[in-house]
Q: 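One structure coming up, written as structure tokens, with questions to follow.
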Amino acid sequence: MFKSLPLFTFAAPSKFYNLASALTPWLYFLFFSLALSSLYIGFLVAPTDATQGDVYRIIFTHVPAAWMSMVLYISMAFWSAIGLAFNARLAHMVSRAIAPTGAIFTLIALLTGSIWGKPTWGTWWVWDARLTSELILLFLYLGYIALAASIDDVKRGDKASALLSIVGVINVPIIYFSVKWWNTLHQGATISMIAAPKMASTMLMSMSLMTFAFWAYAFAVVFTRTRAIILEREKNMGWVQFLGTKIKRTKI
Amino acid sequence: MILNIIELINMNNSDAFVYSAYLISGFLLAINTYLAFKKRRAAQKEILTPTGWPHDKT
């Protein structure tokens, strides 16, 4: 039954490579369009906040980046688990490709949060539960990247780093619920799936657009990296050598 | 420009905080994109060079 699903066709690196090649330019275009729209609404349309003034506008990059840092970690752990359970080589490649982008989004969330903290809290950093657990997430990403790079045998490296990412996923609910479980300086969730948003519609619009922009960006960069990893690992396969002749021909 | 922003941050100027947050975000995303493309170019180059072509070694 599952063999008839076209989705599984793309589990083959050669098929995925072609799909990613076709989608990547459109994803970069989508990212730029959505990000520019978000910046336009966020800076020129959304009103100034009554209590924080203009400094609240950091929210349009800080919150989507923080969301992406968690979502990307979960997807990295998911593909690692698929790779371990089904011995699917593409799953490990995707997992490795996600890690640097996840680390960058975590760093953006931490740095923009710190910049926002100075004028609102009066300090760049506090060791509260939300900030500390997000910092641990950055260390988990860096640990994953370092572990994967330090083992020469690709298969062993895949397995070891996959285990680390699966164990580390426990940190994601801790980040998300930290503001509820502990008394933190960091504010609680502004957006909830079950309650009405606590912000103006233009603010919400700008934040949503930036979130979709970051999604498009993450897909685009992860596809770019996955394509590179596929070429590195499958360079002796017939289809990659055929691809090489095609590239050579277009260059001549 | 960066020195001006740092000076404004020291004066607690709210615009400077916002601009520096977006500058850092943009810079990090640009670096990440550059590194991804660099990796892809290196992989592509490898399949085009003789070392990536076992049958061409002879």
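Chain letters run A, B, ... following the sequence lines, proteins first and then strands; every chain starts at 1. Since the model is a prediction, treat every value here as computed from it, not as a measurement.
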Q: Against chain B, label Leu39(A) side chain, backbone, both or neither, depending on which of its atoms sit under 4.5 Å from a heavy atom there.
A: side chain
Q: What residue, out of Leu107(A), Asp54(A), Val55(A), Thr226(A), has the most heavy-atom pairs lying under 4.5 Å from chain B?
A: Val55(A)
Q: Out of Ile31(B), Asp15(B), Leu28(B), return the one with the most heavy atom pairs under 4.5 angstrom to chain A.
A: Leu28(B)
Q: Closest approach of Ala91(A) and Trp79(A), non-hydrogen atoms and distance?
A: CB-O, 3.3 Å
Q: With a 4.5 Å cut-off on heavy-atom pairs, point out which of Thr33(B), Leu35(B), Leu29(B) contacts chain A the most.
A: Leu29(B)
Q: Using non-hydrogen atoms only, which part of Ile58(A) is less than 4.5 Å away from chain B: side chain, backbone, both, or neither?
A: both
Q: Which bit of Tyr56(A) comes within less than 4.5 Å of chain B, counting heavy atoms only: side chain, backbone, both or neither?
A: neither
Q: Below 30° counts as parallel, above 60° as perpendicular, anything between as tilted: where do the rings of Tyr73(A) and Tyr141(A) land?
A: perpendicular
Q: Can you give me the closest heavy-atom contact between Pro47(A) and Thr202(A), atom names plus distance?
A: CD-OG1, 3.3 Å
Q: Determine the interplanar angle of the Trp124(A) and Phe17(B) rings, folded into 0 to 90°, and report it as parallel if under 30°, tilted if 30 to 60°, perpendicular if over 60°.
A: tilted
Q: Select one option (side chain, backbone, both, neither) describing which atoms of Tyr19(B) are under 4.5 Å from chain A's heavy atoms.
A: side chain
Q: Once the angle between the rings of Phe223(A) and Phe16(A) is folded into 0 to 90°, is it parallel (under 30°), tilted (30 to 60°) or perpendicular (over 60°)?
A: perpendicular
Q: Step by step, work out the salt bridge (Lys or Arg N to Asp or Glu O under 4.0 Å) result for Asp158(A) and Arg89(A).
A: CA-CA 9 Å; Asp158(A) 280 345; Arg89(A) 57 190 202 278; over 6 Å; no
